[in-house]
Amino acid sequence: MFKRLLTFATHRIYNLPVIVLMPHSRCNCRCVMCDIWKANHEKRELSVEELQKHAVHFKKLGVREVVFSGGEALMHSNLWQFCEVLKAQRISITLLSTGLLLEKNAQAIVDHFRDVIVSLDGSESIHDRIRNIPQGFRKLAAGVKALKDLKPGFRVSARCVLQRYNYADFINIVQAAKDLGLDQISFLAADVSSAAFNRPEHWQEERVSEIALTVAETTELESIVERSFETLQDSYAQKFIAESPVKMKKIVQYYQAINGLTDFPETVCNAPWVSAVIESDGSVMPCFFHKPYGNIYDNNLPDLLNSREAIAFRRNLDMSNDETCKKCVCSLKLGLRQLN
């Protein structure tokens, strides 16, 4: 606890509870709102040997959880050894997955991961359209069932990006999550303003308009969300929908802001102080959206996190005025109790 308080007070990282790790650069979906799959030909991958060199630093930094993101981590050429390196340090692992390879790897998943978070983009036809994968929904369903059959009580939740292709399907998405036997579903808006997710540069206006909601669509989403507070009252109360009504309204506000109707929702986040993102090329970032501190191929993680530039970044970060933070769609806020 003292180290965590010291981190917030000095902006020097003494304790880092969470690392988001992208084991490689590939993905097995071609989602309309993401460009990660466009790097499949690059085949960048962090090796087990490279992870082994840095795992000891993870432990010294007090890392409790590593989240495998991507892309699709299950496409890593040596994933289970990758997991064993972390488990040897008593670090728990969460898998973010497209769901397509869950059934094939079900036993290894329940043996190595604490939980799984799948991407769910709509009821069956809409999900498959957004993912650009035939029978993607059915493969996801089979995978979730395989995990639950092998290990009843194993936590599988979902994350959904609400955007132009699926916003009108919101009620059906919640029902689909229940039908799949998921434990929870969370929602966020689509990032249309950053260069994250393998975008070589910021999207042009034409590309933004494909994903972001128009004024009329935002008004429709607002009505859908407002009605859901009554029709899905139990889902909110029981936290099956992870977001509170207040947070759901902020998704609406985000799209209102995209259309110039209001300010973006206030960003409440401490990600740069409690987590780090390591990309498949070794880049270490304070979050998905800000520029890297450096690269683990050039330096060890503690030195990267506590370089003069990194400390200055955290000390000077004003989220209320920083253009990247103001438009953030997936901020992280861990309280001291959650960090303990």
Side-chain angles (χ1 to χ4, degrees), residues 29-38 98 118-133 136-137 158-177 185-199 201-232 235-236 241-269 288-289 319 322-331:
C29 286
R30 291 171 169 77
C31 300
V32 297
M33 65 286 187
C34 178
D35 291 339
I36 290 176
W37 59 273
K38 294 181 180 180
T98 64
V118 298
S119 297
L120 178 63
D121 291 306
S123 50
E124 185 168 352
S125 61
I126 292 176
H127 176 87
D128 290 353
R129 180 187 177 195
I130 290 172
R131 296 262 135 190
N132 281 311
I133 296 294
F137 186 92
R159 183 171 296 169
C160 178
V161 177
L162 284 177
Q163 33 97 357
R164 196 171 193 183
Y165 286 79
N166 68 357
Y167 77 93
D169 201 39
F170 174 69
I171 303 297
N172 295 329
I173 295 170
V174 176
Q175 186 59 52
I185 183 166
S186 64
F187 293 92
L188 67 158
D191 170 46
V192 296
S193 59
S194 81
F197 310 112
N198 194 47
R199 299 168 190 167
E201 56 187 23
H202 294 271
W203 276 351
Q204 299 300 312
E205 186 60 35
E206 181 180 359
R207 187 75 176 91
V208 172
S209 66
E210 292 179 20
I211 304 302
L213 275 60
T214 64
V215 172
E217 290 165 342
T218 300
T219 300
E220 186 180 357
L221 174 62
E222 184 175 23
S223 296
I224 292 170
V225 168
E226 289 288 346
R227 289 197 304 270
S228 77
F229 300 152
E230 181 176 347
T231 59
L232 299 176
S235 296
Y236 285 107
I241 298 175
E243 284 69 35
S244 66
V246 171
K247 287 187 177 180
M248 289 303 302
K249 288 180 180 180
K250 288 185 177 181
I251 295 178
V252 175
Q253 184 183 347
Y254 170 85
Y255 284 117
Q256 290 172 335
I258 289 290
N259 285 286
L261 302 177
T262 188
D263 294 330
F264 285 93
E266 179 186 5
T267 299
V268 180
C269 177
F288 284 107
F289 306 105
M319 293 185 182
D322 183 270
E323 287 301 313
T324 297
C325 291
K326 283 167 62 177
K327 299 176 182 178
C328 183
V329 298
C330 59
S331 58

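As a basis for the values below, the full set of heavy atoms in this structure was taken, side chains included, without hydrogen atoms, waters or symmetry mates.
Between Ser186 and Ala242 the shortest heavy-atom distance is CB-CB, 3.7 Å. Residues Ala168 and Glu220 share a closest heavy-atom pair of CB-OE2, 4.3 Å. Contact detail for Leu120 and Ala158: the closest heavy-atom pair is CB-CB, 4.0 Å. Smallest separation of non-hydrogen atoms from Ala190 and Val329: O-CG1, 3.8 Å. Shortest non-hydrogen contact noted between Cys160 and Ile185 is CB-CD1, 4.2 Å. Contact record, Val174 with Ser235: CG1-OG, 4.2 Å, taken as the closest heavy-atom pair.
In this structure, the side-chain contact (heavy atoms from CB on, under 4.5 Å) partners of Thr231, at least two apart in sequence or on a different chain, are Ile171, Ser228. For Glu323, the side-chain contact (heavy atoms from CB on, under 4.5 Å) criterion is met by Lys326, Lys327, not counting sequence neighbours. Take Thr218 and apply the side-chain contact (heavy atoms from CB on, under 4.5 Å) test, not counting sequence neighbours, and it matches Leu213, Val252, Tyr255, Gln256, Asn259.
Side-chain contact between Met248 and Leu162 is present, with heavy atoms from C-beta onward closer than 4.5 Å. The shortest distance between side-chain heavy atoms of Ile130 and Gln163 falls below 4.5 Å. Contact check for Cys330 versus Arg159: no side-chain heavy atoms found under the 4.5 Å cut-off.
Side-chain contact check for Asp169 and Asn166: no donor-acceptor pair (N or O, by modelled atom type) lies under 3.5 Å.
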Do Tyr254 and Val192 pass the side-chain contact (heavy atoms from CB on, under 4.5 Å) test, and can you show the C-alpha distance, the side-chain angles, and the key distance before you say yes or no?
CA-CA 11 Å; Tyr254 170 85; Val192 296; 3.6 Å; yes
Determine whether Val225 and Phe187 satisfy the following criterion, side-chain contact (heavy atoms from CB on, under 4.5 Å), listing intermediate values before the conclusion.
CA-CA 12 Å; Val225 168; Phe187 293 92; over 6 Å; no
Trace of the side-chain contact (heavy atoms from CB on, under 4.5 Å) decision for Asp121 with His127:
CA-CA 5 Å; Asp121 291 306; His127 176 87; 3.9 Å; yes
Checking Lys249 against Glu222 for the side-chain contact (heavy atoms from CB on, under 4.5 Å) test, could you report, in this order, the C-alpha distance in whole Å, the side-chain angles of both residues, the deciding distance, and whether it holds?
CA-CA 7 Å; Lys249 288 180 180 180; Glu222 184 175 23; over 6 Å; no
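One finds the OG atom of Ser125 at 9.5 Å from the CZ atom of Phe137 (value rounded to the nearest 0.5 Å). Taking CZ from Phe288 and OG1 from Thr324, the interatomic distance works out to 14.5 Å, rounded to the nearest 0.5 Å. To the nearest 0.5 Å, atoms CZ (Phe170) and CG (Leu232) are separated by 6.0 Å. To the nearest 0.5 Å, atoms CZ (Phe289) and SG (Cys325) are separated by 10.0 Å.
The number of heavy atoms from other shown groups lying within 6.0 Å of CD (Glu266) does not exceed 12.
Checked by atom type and distance alone, the side chain of Thr267 never pairs as donor or acceptor with a backbone atom of Met319 at under 3.5 Å.
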